Amino acid sequence: SGKLYLLRNKDQANEELIALSLADGRQIWATRVGSVGENRGPQYPGARSTPTVDGTRVYALGSDGDLACVEADSGEIVWARNLRTDFDGKPGAWAYAESPLIDGDVLLCSPGGANATVVALNKQDGSVIWKSTLADQDNASFSSPIATTIGGVKQYVLYLSKGVVGLSADDGRLLWRYSNTADKDANIQTPVASEGRVY
């Protein structure tokens with residue numbers, strides 16, 4: 001499409017998804033997604049996730065939990081949700097930072113907290129397909145989810161605040177958890193899956 005999409009914050013009240021021309025760098029459009037999320041860490045408030053492009057739409061998660069589906073050509077918002085208010089989400093100390101995963105018709109992201117640790121939404125309208133509430137009530141972390149198949153079972157792998165989990169792609173049930181990770185405050189790395197193993 002000849003466009004580059006990214007999130008930026010103009011100030012603490014305005015976080016935007018913007019489209020730039022690949023040919024000359026000029027701004028084609030800018031769409032306000034929400035405000036900058038609360039930064040309980042020591043520094044660096046602001047936009048921090050990468051938009052996900054899928055066909056004619058762009059999906060962006062702002063640092064305050066504002067999730068938007070936007071028309072790629074015009075920047076017009078198709079639908080929007082907020083992970084904190086719609087799902088009682090609990091972000092990490094540096095606010096929301098993951099990039100939404102698009103898998104077929106599913107948009108996967110992690111609000112965090114006890115009500116909906118991870119959610120699968122219909123990418124067309126933002127409606128809930130399933131919510132996964134994990135017993136350990138992980139907060140959202142700063143890593144992005146992946147889709148993989150292990151032992152013939154399709155699953156989503158996420159690195160949350162209390163460790164790495166594998167969830168059934170069908171219904172969000174917990175398949176496995178690895179909690180012996182090095183850091184509980186800044187789990188940032190996106191998992192990599194290969195030949196039945198997760199790194």
Side-chain angles (χ1 to χ4, degrees), residues 1-22 25-41 43-103 105-113 115-129 131 139-146 156 158 160-161 186 188 190:
S1 70
K3 298 182 188 70
L4 172 71
Y5 304 96
L6 57 120
L7 279 165
R8 72 170 179 200
N9 55 292
K10 293 176 70 175
D11 51 44
Q12 296 304 297
N14 294 286
E15 203 162 279
E16 296 178 328
L17 173 63
I18 67 171
L20 303 177
S21 166
L22 282 176
R26 70 180 169 80
Q27 181 177 302
I28 299 169
W29 53 256
T31 299
R32 184 181 185 276
V33 174
S35 298
V36 173
E38 179 186 1
N39 192 55
R40 298 187 313 276
Q43 67 275 320
Y44 312 126
R48 53 186 87 252
S49 92
T50 303
T52 302
V53 180
D54 181 60
T56 61
R57 292 183 173 177
V58 182
Y59 300 85
L61 177 61
S63 62
D64 202 32
D66 296 291
L67 177 65
C69 169
V70 174
E71 291 289 356
D73 285 341
S74 66
E76 180 181 349
I77 293 178
V78 178
W79 59 261
R81 305 288 302 251
N82 183 279
L83 302 190
R84 289 187 311 101
T85 58
D86 292 350
F87 303 106
D88 193 26
K90 305 295 181 207
W94 289 272
Y96 285 102
E98 76 178 341
S99 300
L101 172 68
I102 299 295
D103 179 40
D105 287 330
V106 172
L107 180 149
L108 192 85
C109 61
S110 49
N115 181 46
T117 315
V118 179
V119 293
L121 305 177
N122 184 314
K123 74 176 184 181
Q124 303 297 339
D125 60 12
S127 60
V128 175
I129 297 171
K131 296 191 296 186
N139 287 345
S141 157
F142 313 105
S143 170
S144 297
I146 64 166
Y156 299 122
L158 302 99
L160 300 169
S161 66
I188 300 165
T190 296

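For clarity, every value in this text was computed on a predicted model and none was experimentally measured.
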Mind listing the closest non-hydrogen atom pair of Asp11 and Val36 along with its distance? O-CG2, 3.4 Å
Thr31 side, atom OG1; Glu76 side, atom CD - distance, nearest 0.5 Å: 9.0 Å
Decide yes or no on side chain to side chain contact (heavy atoms under 4.5 Å, CB included) for Asp66 and Glu15, but give the supporting numbers first. CA-CA 9 Å; Asp66 296 291; Glu15 203 162 279; over 6 Å; no
Is the shortest heavy-atom distance from the side chain of Tyr156 to the side chain of Leu101 under 4.5 Å? yes
Approximate separation, where rounding is to 0.5 Å, of Thr117 OG1 and Lys131 NZ: 10.0 Å
Between Leu121 and Gly126, what is the shortest heavy-atom contact and its length? CD2-O, 3.7 Å
Do Glu98 and Ser49 come within less than 4.5 Å of each other through their side chains, counting heavy atoms only? no
Compare all side-chain heavy atoms of Glu71 with those of Arg57 and state whether any distance is below 4.5 angstrom. yes
Taking only Lys NZ, Arg NE, NH1 and NH2, and the carboxylate oxygens of Asp or Glu, determine whether Asp73 and Lys3 approach each other closer than 4.0 Å. yes
Heavy atoms, side chains only, cut-off 4.5 Å: are Leu107 and Leu67 in contact? yes
For Asp64 versus Ser35, what's the shortest heavy-atom pair and its separation? CB-O, 3.2 Å
Fit a plane to each ring of Tyr5 and Trp29, take the angle between them on a 0 to 90° scale, and name the class: parallel (under 30°), tilted (30 to 60°) or perpendicular (over 60°). tilted
Lys10 side, atom NZ; Ile18 side, atom CD1 - distance, nearest 0.5 Å: 10.5 Å
Would you check if Ser143 and Ile188 make a side-chain contact, meaning some heavy-atom pair closer than 4.5 Å? no
Under 3.5 Å: donor-acceptor pair, side chain of Ser99, backbone of Thr50: yes
Inter-residue atom distance Arg8.CZ - Asn14.CG, 0.5 Å rounding: 10.0 Å
For the residue pair Asp105 and Ile129, establish whether any side-chain heavy-atom pair is separated by less than 4.5 Å. no
Say you draw a straight line from NZ of Lys90 to OG of Ser110; how long is it, rounded to the nearest 0.5 Å? 14.5 Å
Using atom types as modelled and distance alone, determine if a side-chain donor or acceptor of Arg48 lies under 3.5 Å from a backbone N or O of Trp94. yes
Can you give me the closest heavy-atom contact between Pro111 and Ala140, atom names plus distance? O-CB, 3.8 Å
Contact summary for Pro145 and Leu108, nearest pair of heavy atoms: CB-CD2, 3.7 Å
Min side-chain heavy-atom separation Val119-Val128 under 4.5 Å: no
Asn139 side chain vs Gly92 backbone, donor-acceptor pair below 3.5 Å: no
Output for pair (Glu38 CD, Gln12 CD), nearest 0.5 Å, gives 11.5 Å
Minimum heavy-atom distance Val33-Gly62, with the two atoms named: CG1-N, 4.2 Å
